[in-house]
Amino acid sequence: QVQLVESGGGLVQPGGSLRLSCAASTRTFSNYAMGWFRQAPGKEREFVAAIDNSGANTYYSDSVKGRFTISRDNAKNTVYLQMNSLKPEDTAVYYCAASRQYYSQIASYSVAGPYNYWGQGTQVTVSS
């Protein structure tokens, strides 16, 4: 069982930045691809970004491409989501997820199915 704990959420003004972190409780963190998803009130959970187990490949939803950056530090068992130029529509609960599945195409991690473990989420609110 892998536990994922997100942190770094909060209230930020439009145009501001936040960095989310997700710490994993496993010694084999480098075996997992990682993803970030979000869920706004009244909406379905949606994909935000994914990174493969080595960190060499990343993939983003069109809505965050160019503004968000996913990265990982396998020595610290942590994945990050740097969010810049935040907009009110980015307001949501953000979840990190871990996948044991291997796919050669990073885009395969843009759906919830491949993920085996999920965190509890951290609230991000973008408002003036």
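The figures that follow rest on heavy atoms only: side chains count, while hydrogens, waters and symmetry mates do not.
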Q: Tell me, yes or no, whether the heavy-atom count around Glu89 atom CD, taken from other residues, nucleotides or ligands under 6.0 Å, exceeds 12.
A: yes
Q: Not counting sequence neighbours, list each pair that qualifies as a ring pair (Phe, Tyr, Trp, His ring centres under 6.0 Å) and has a residue in residues 56-86.
A: Phe47-Tyr59
**Q.** Any side-chain heavy-atom pair of Phe29 and Arg72 under 4.5 Å
**A.** yes
**Q.** Separation of Cys96 SG from Ile70 CD1 (nearest 0.5 Å)
**A.** 9.0 Å
Q. Nearest heavy-atom pair of Pro114 and Val111: which atoms, and what distance?
A. CD-O, 3.2 Å
Q: Return each pair, listed once, that meets side chain to side chain donor-acceptor pair (under 3.5 Å) where at least one residue sits in residues 5-21; pairs must be two or more places apart or across chains.
A: Ser17-Asn84
Q) Is it the case that Ser63 and Ser61 place a side-chain donor and acceptor less than 3.5 Å from each other? A) yes
Q. Which distance, rounded to the nearest 0.5 Å, do you find between the CD of Gln1 and the CG of Asn116?
A. 10.0 Å
Q | Set of residues satisfying salt bridge (charged side-chain N to carboxylate O under 4.0 Å, His left out) with respect to Lys65, sequence neighbours excluded | A | Asp62
Q. Could you state the interatomic distance from OG1 (Thr58) to CE (Met34), rounded to the nearest 0.5 Å?
A. 14.5 Å
Q) When you look at CD of Gln101, are more than 12 heavy atoms from neighbouring residues, nucleotides or ligands closer to it than 6.0 Å? A) yes
Q) Going through the checks in order, is the side chain to side chain contact (heavy atoms under 4.5 Å, CB included) test met by Leu20 and Met83? A) CA-CA 8 Å; Leu20 305 183; Met83 305 185 295; 3.7 Å; yes
(Q) Cys22 vs Val79, test: side chain to side chain contact (heavy atoms under 4.5 Å, CB included). Steps then yes/no. (A) CA-CA 5 Å; Cys22 172; Val79 63; 3.5 Å; yes
(Q) Please report the interatomic distance CZ(Arg100) to OG1(Thr28), rounded to the nearest 0.5 Å. (A) 9.5 Å
Q. Would you call Val48 and Leu81 a side-chain contact if the rule is heavy atoms closer than 4.5 Å?
A. yes
**Q.** Pairwise distance CD(Gln105) to CG(Asp52) - rounded to 0.5 angstrom
**A.** 11.5 Å
Q | Stepwise side chain to side chain contact (heavy atoms under 4.5 Å, CB included) test for Tyr32 and Asn53 | A | CA-CA 5 Å; Tyr32 291 84; Asn53 63 321; 5.9 Å; no
Q. Taking all non-hydrogen atoms of both residues, which atom of Ile106 and which atom of Asn57 are closest, and how far apart?
A. CD1-O, 3.9 Å
**Q.** Flag, side chain of Thr91 to backbone of Thr125, donor-acceptor distance under 3.5 Å
**A.** no
**Q.** Heavy-atom closest pair, residues Tyr95 and Arg45
**A.** CZ-NH2, 3.7 Å
Q | salt bridge (Lys or Arg N to Asp or Glu O under 4.0 Å) pairs, two or more places apart, involving residues 24-42 | A | Arg38-Glu46, Arg38-Asp90
Q: Could you note down all residue pairs passing ring pair (Phe, Tyr, Trp, His ring centres under 6.0 Å) where residues 97-128 supplies at least one of them, sequence neighbours left out?
A: Phe37-Tyr115, Phe37-Trp118, Tyr103-Tyr109, Tyr115-Trp118
**Q.** Smallest separation among heavy atoms of Ala40 and Ala92, with atom names
**A.** N-CB, 3.8 Å
Q: Measure the spacing between CZ of Arg67 and CD of Gln82 and express it to the nearest 0.5 Å.
A: 12.0 Å
Q.
Would you say that more than 12 heavy atoms from the other residues, nucleotides or ligands in this model lie under 6.0 Å from the CD of Gln123, or not?
A. yes
Q: Compare every heavy atom of Ala24 with every heavy atom of Leu4, then report the nearest pair and how far apart it is.
A: CD2-CB, 3.6 Å
Q) Do side-chain atoms of Ser25 reach the backbone of Gln3 as a donor and acceptor pair under 3.5 angstrom? A) yes
Q.
Please enumerate all residues that pass side chain to side chain contact (heavy atoms under 4.5 Å, CB included) together with Val12, with sequence neighbours excluded.
A. Leu18, Leu86, Val126
